[in-house]
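Worksheet for the structure shown next.
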Number of protein chains: 2
Amino acid sequence: MGITKTDLFTENQNEVAMLAKAIAHPARVAIIEYLLKVNACICNDIVNELPLAQPTISQHLKELKNAGIIKGNIEGNAICYCINEPVFSKIQGLFGAVLPTNNKCC
Amino acid sequence: MGITKTDLFTENQNEVAMLAKAIAHPARVAIIEYLLKVNACICNDIVNELPLAQPTISQHLKELKNAGIIKGNIEGNAICYCINEPVFSKIQGLFGAVLPTNNKCC
DNA sequence: TTTTTATATTGCAATATTACGATATAGATT
DNA sequence: AATCTATATCGTAATATTGCAATATAAAAA
């Protein structure tokens with residue numbers, strides 16, 4: 001198959017999986033880290049920053065944008081990208097704020 | 001291609017991506033949620049809990065185990081799974097503890 | 001020892017992802 | 001207008017993922 005049965009899971013489970021998938025590639029992690037570091041909108045810089053071809057980076061940016069993690073603003077003939085705060089905060093909440101477990105076995 | 005160029009990125013970027021990938025499927029999110037809920041080692045229950053065939057779940061469990069997120073203990077003829085605390089805490093740290101951004105543009 | 005129970009492995013089909021060259025688009029510059 | 005610059009899209013090859021039936025394995029129960 002190769003197709004995920006999203007209809008069998010809750011909306012929340014699918015959302016967490018979708019957001020995790022967007023982060024599940026080192027190039028996209030690098031893009032997020034870079035945007036967090038410069039803490040501003042960045043245009044062509046990303047292509048020069050990463051060791052991948054321009055179409056490949058464009059594709060990764062699209063996936064991050066589709067997941068809502070970043071957003072792009074048209075600035076002349078360039079497009080400036082930055083972190084989309086609300087979604088990014090949501091991710092921090094989803095993965096960061098889980099109850100401390102106390103395994104009784106294992 | 002279809003192959004990720006891990007050698008082009010830092011160890012940390014690859015690790016974050018690897019952990020995110022392990023979470024990037026609703027079935028695996030459901031397994032993690034269930035293990036956190038019952039807060040103990042669970043054996044066959046997972047197969048009955050999820051709407052997927054046994055081999056499929058076995059495969060997802062294997063991926064979570066490979067990522068270090070869960071661990072399995074042999075208990076007679078059954079195997080009991082539970083959250084692997086150190087790695088799970090690491091995930092919470094990685095995704096949860098990021099500086100608050102203050103976008104100047106967009 | 002045969003059978004049952006719990007889980008893993010194999011093999012395979014359907015689909016998704018990754019990467020990039022070639023090309024398109026669109027605003028800026030000359 | 002012609003060219004340059006920045007980015008997106010298309011097409012395609014290589015590889016990875018998802019899902020499951022069939023089968024294997026191994027301990028428990030009968």
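Chain letters run A, B, ... following the sequence lines, proteins first, then strands; residues in each count from 1.
- By the 4.5 Å heavy-atom criterion applied to side chains, B:V87 and B:L19 are counted as neighbours.
- Checking the phosphate oxygens (OP1, OP2) of C:dT17, no side-chain nitrogen or oxygen of B:K21 falls inside 4.0 Å.
- Taking atom CD on B:E49 and atom C1' on C:dT7, their separation rounds to 18 Å, with Å as the unit.
- Between the CD atom of A:E75 and the P atom of D:dT5 there is a distance of 19 Å, rounded to whole Å.
- Dashed line: the shortest gap from a side-chain N or O of B:Y81 to OP1 or OP2 of C:dA6 is not under 4.0 Å.
- Ionic pairing of B:E15 and B:K90 is present here: one or more N-O contacts between side-chain nitrogen and carboxylate oxygen are shorter than 4.0 angstrom.
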I'd like a table of atom pairs between the protein and nucleotides 19-24 of chain D - only N or O on both sides, under 3.5 Å - with the distance next to each one.
unit_1	atom_1	unit_2	atom_2	d
D:dG19	OP1	A:K5	N	2.9
D:dG19	OP2	B:H25	NE2	2.9
D:dG19	OP2	B:H60	NE2	3.0
D:dG19	N7	B:Q59	NE2	3.4
D:dC20	OP1	A:K5	NZ	2.7
D:dC20	OP2	B:A53	N	3.1
D:dC20	OP2	B:T56	OG1	3.2

Step-by-step side chain to side chain contact (heavy atoms under 4.5 Å, CB included) determination, A:L36 to A:F88
CA-CA 10 Å; A:L36 285 173; A:F88 195 73; 3.6 Å; yes
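- C:dA24 atom C1' lies 15 Å from atom CG of A:N77, rounded to whole Å.
- Going from atom CG of B:L64 over to atom P of D:dT17 covers 13 Å, rounded to whole Å.
- Spacing between atom NZ of B:K62 and atom C1' of C:dT10 amounts to 10 Å, rounded to whole angstrom units.
- For A:A78, whose side chain is taken as the heavy atoms from C-beta onward, the closest listed nucleotide among D:dA8, D:dA6, D:dA27 is D:dA6.
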Apply the test side chain to side chain contact (heavy atoms under 4.5 Å, CB included) to residues A:N12 and A:L94: give CA-CA distance (whole Å), side-chain angles for both, the deciding distance (0.1 Å), then the verdict.
CA-CA 10 Å; A:N12 185 68; A:L94 283 174; 4.3 Å; yes
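- Among the atoms of the strands shown, only primed sugar atoms or phosphate atoms (P, OP1, OP2) are found under 4.0 Å from some heavy atom of B:E63.
- In this pair, A:H60 and A:H25 present their aromatic rings tilted. The plane angle is within the 30 to 60° band.
- Evaluated for a side-chain contact (heavy atoms from CB on, under 4.5 Å) with A:I69, the options A:I23, A:L35, A:N84 yield exactly one hit, A:I23.
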